[in-house]
Amino acid sequence: MFSLEGRRVYVAGHRGMVGSALVRRLARENVKIVTATRQELDLRNQADVRAFFSEQRPDVVILAAAKVGGILANDSYPADFLFDNLLIETNIIEAAHRGDVAKLLFLGSSCIYPKLAPQPIVEQALLTGPLEPTNEWYAIAKIAGIKLAEAYRRQHGRDFISAMPTNLYGPGDNFDLASSHVMPALIRKAHEAKLRGDEDLTIWGTGRPRREFLHVDDCADACVTLLLRYSEAGHVNVGFGDDVPILELARMVAQVVGFDGSIVTDPSQPDGTPRKLLDSGLLRSLGWAPQIGLREGIAATYRWFLENEKDQGRREANRLSAARA
Ligand code: GFB
């Protein structure tokens with residue numbers, strides 16, 4: 001058992017969907033949360049990261065900072081997904097070692113597993129076959145992160161661990177259609193189709209791939225469970241336990257949003273991996289279980305989208321002007 005009592009916990013990536021859920025969850029513990037915005041600290045800069053660790057002296061680090069995106073963003077920006085993520089995780093893990101951090105949790109993704117891994121996917125499936133081509137760049141960076149944490153444990157006796165969450169969704173997600181994951185994309189598409197009175201809504205791919213969706217608050221809770229109760233070299237799957245075909249997800253989202261037109265598939269867009277249901281038996285044996293069902297989670301995320309729609313619009317406008325500059 002590890003104790004968080006009175007610890008300084010650095011949440012890297014606290015403005016992202018996962019990081020902000022971690023900050024919400026950690027508010028229930030007696031900890032001092034340490035954060036830095038992107039403007040204050042460029043995690044790709046090794047000297048800055050080292051200086052930040054020397055100043056802030058965190059006891060615990062949760063590495064939830066990453067360049068992330070959906071299938072199209074991953075496929076379109078392979079260099080950014082590989083380079084930025086390698087730098088971020090290398091800098092933080094090395095600085096945590098230098099700074100004598102008592103515990104570090106590295107967050108990866110279920111895309112680390114082979115494209116055609118037997119289902120449900122056990123942790124031991126890592127590096128047993130070829131990756132899904134649309135996101136192999138991100139996957140390679142995440143595999144490097146797992147191995148780096150493991151290497152510091154092996155060579156220096158560090159208590160560094162890794163969690164591999166399935167597809168996450170929830171408040172704070174990115175709803176930009178060009179870079180988002182499927183859940184926020186479908187929420188936005190259904191909402192706008194409803195407002196316009198469209199007769200149909202188009203989803204990418206065949207609609208046949210299956211995905212497992214976990215609410216980000218359940219993921220944050222799993223991270224705390226792992227910090228407190230897990231201290232082994234092997235990474236740990238964090239999944240909901242069930243998956244749905246994308247077409248079925250689209251129907252659920254349409255129902256929650258109140259769009260009653262038809263759903264059309266666009267097979268010219270990539271499907272990605274056919275299925276990636278995680279076996280989360282190890283995590284469950286530590287006493288964790290998801291609390292938020294899929295329909296309930298979609299409804300909560302849609303409410304968040306409605307409340308934050310203006311912010312989302314502003315964020316997209318900023319992104320466009322940054323891209324033009
Ligand atoms: O969530 P998503 O972008 O990523 O797509 P992955 C999941 C599935 O939904 C794919 C389909 O089969 C997409 O073709 N889909 C249907 C859509 N309509 C849409 C849409 O409007 N937008 C999007 N984005 N998808 C990502 C990886 O894979 O998952 C990352 O690229 C990471 O590396 C992340 O691992 C968790 O599940 O395919």
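All ligand and atom numbering here is 1-based and tracks the order in the structure.
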Handout entry: Val68 vs Tyr138, side chain to side chain contact (heavy atoms under 4.5 Å, CB included): CA-CA, chis, key distance, verdict
Key = CA-CA 8 Å; Val68 298; Tyr138 181 72; 3.5 Å; yes

Exercise for the section: Answer yes or no: is there an ion pair linking Glu94 with Arg50, defined by an N-O contact shorter than 4.0 Å? Expected result: yes

Exercise for the section: Show your working on side-chain hydrogen bond (donor to acceptor under 3.5 Å, both in side chains) between Asp173 and Ser180 and close with a plain yes or no. Expected result: CA-CA 8 Å; Asp173 210 339; Ser180 71; over 6 Å; no

Practice task
Check whether any N or O atom of Ile71, backbone or side chain, sits under 3.5 Å from an N or O atom of ligand 1, and answer yes or no.
Solution key: yes

Fill in the blank from the handout: Among non-hydrogen protein atoms, atom 27 (C) of ligand 1 lies closest to Asn135 ND2, 3.1 Å

Problem - Close approach of Glu132 to ligand 1, heavy atoms, under 4.0 angstrom - result: no

Completion exercise
Under 4.0 Å from one or more heavy atoms of Ile246, ligand 1 contributes atoms 8 (C), 9 (O), 16 (C)

Exercise for the section: Would you mind checking which non-hydrogen protein atom is closest to atom 18 (N) of ligand 1, with the distance to 0.1 Å? Expected result: Trp204 N, 2.9 Å

Exercise for the section: For ligand 1, indicate whether the residue Gln269 contacts it via side chain, backbone, both or neither (heavy-atom separation under 4.0 Å). Expected result: neither

Practice task
Please check if any side-chain donor atom of Asn237 sits under 3.5 Å from a side-chain acceptor atom of Ser280, or the reverse.
Solution key: no

Practice task
Could you tell me whether Tyr10 and Phe52 have their ring centroids closer than 6.0 angstrom?
Solution key: yes

Problem - From Ser231 atom OG to Ile161 atom CD1, the distance as rounded to the nearest 0.5 Å - result: 7.0 Å

Exercise for the section: Start with the C-alpha distance between Thr134 and Glu132, add both sets of side-chain angles, then the distance that settles side-chain hydrogen bond (donor to acceptor under 3.5 Å, both in side chains), and finish with yes or no. Expected result: CA-CA 6 Å; Thr134 54; Glu132 154 60 32; 2.5 Å; yes

Problem - Closest protein heavy atom (residue, atom, distance) for atom 33 (O) of ligand 1 - result: Tyr138 CD2, 3.1 Å

Problem - Nearest non-hydrogen protein atom, atom 36 (C) of ligand 1 - result: Asn167 OD1, 3.7 Å

Exercise for the section: Determine whether the aromatic ring centres of Tyr169 and His215 lie less than 6.0 Å apart. Expected result: yes

Exercise for the section: Determine, using heavy atoms of Arg211 and all atoms of ligand 1, whether some pair is separated by less than 4.0 Å. Expected result: yes

Fill in the blank from the handout: Nearest heavy atom to atom 24 (N) of ligand 1, choosing from Ser180, Gly69, Gly70, belongs to Ser180

Problem - Heavy-atom nearest option to atom 22 (N) of ligand 1, drawn from Ala178, Ala73, Ala185, Gly272 - result: Ala185

Practice task
Could you tell me whether ligand 1 has any atom less than 4.0 Å away from a heavy atom of Lys189?
Solution key: yes

Problem - Nitrogen or oxygen atoms of Pro209 and ligand 1 under 3.5 Å apart - result: no

Exercise for the section: Return the residue, atom name and 0.1 Å-rounded distance of the protein heavy atom closest to atom 31 (O) of ligand 1. Expected result: Asn74 ND2, 3.0 Å

Completion exercise
of all protein heavy atoms, closest to atom 34 (C) of ligand 1 is His181 NE2, 3.3 Å

Exercise for the section: Find all atoms of ligand 1 within a distance of less than 4.0 Å from any non-hydrogen atom belonging to Cys111, and give their numbers and elements. Expected result: 33 (O), 35 (O)

Handout entry: Nitrogen or oxygen of Pro270 less than 3.5 angstrom from that of ligand 1
Key = yes

Fill in the blank from the handout: For atom 17 (C) of ligand 1, the closest protein heavy atom turns out to be Val182 CG2, 3.4 Å

Practice task
Using a strict cut-off of less than 4.0 Å between a Lys/Arg side-chain nitrogen and an Asp/Glu carboxylate oxygen, indicate whether Asp243 and Arg210 qualify as a salt bridge.
Solution key: yes

Practice task
Run through Glu212, Lys276, Arg211 and flag the one making a side-chain hydrogen bond (donor to acceptor under 3.5 Å, both in side chains) with Thr166.
Solution key: Glu212

Fill in the blank from the handout: For atom 35 (O) of ligand 1, the closest protein heavy atom turns out to be Ser109 OG, 2.8 Å

Handout entry: Glu5 and Asn30: side chain donor to acceptor below 3.5 Å
Key = yes

Problem - Reference residue Val60; test side-chain contact (heavy atoms from CB on, under 4.5 Å); the match among Val9, Val34, Leu26 - result: Val9

Problem - Cationic N near anionic O, under 4.0 Å, Glu150 to Arg153 - result: no

Exercise for the section: Within a distance under 4.0 Å of any heavy atom of Asp271, pick out the atoms of ligand 1 and give their elements. Expected result: 10 (C), 12 (O)

Practice task
Check ligand 1 against Ile203 and write out every atom of the ligand that is under 4.0 Å from a heavy-atom position of the residue.
Solution key: 16 (C), 18 (N)

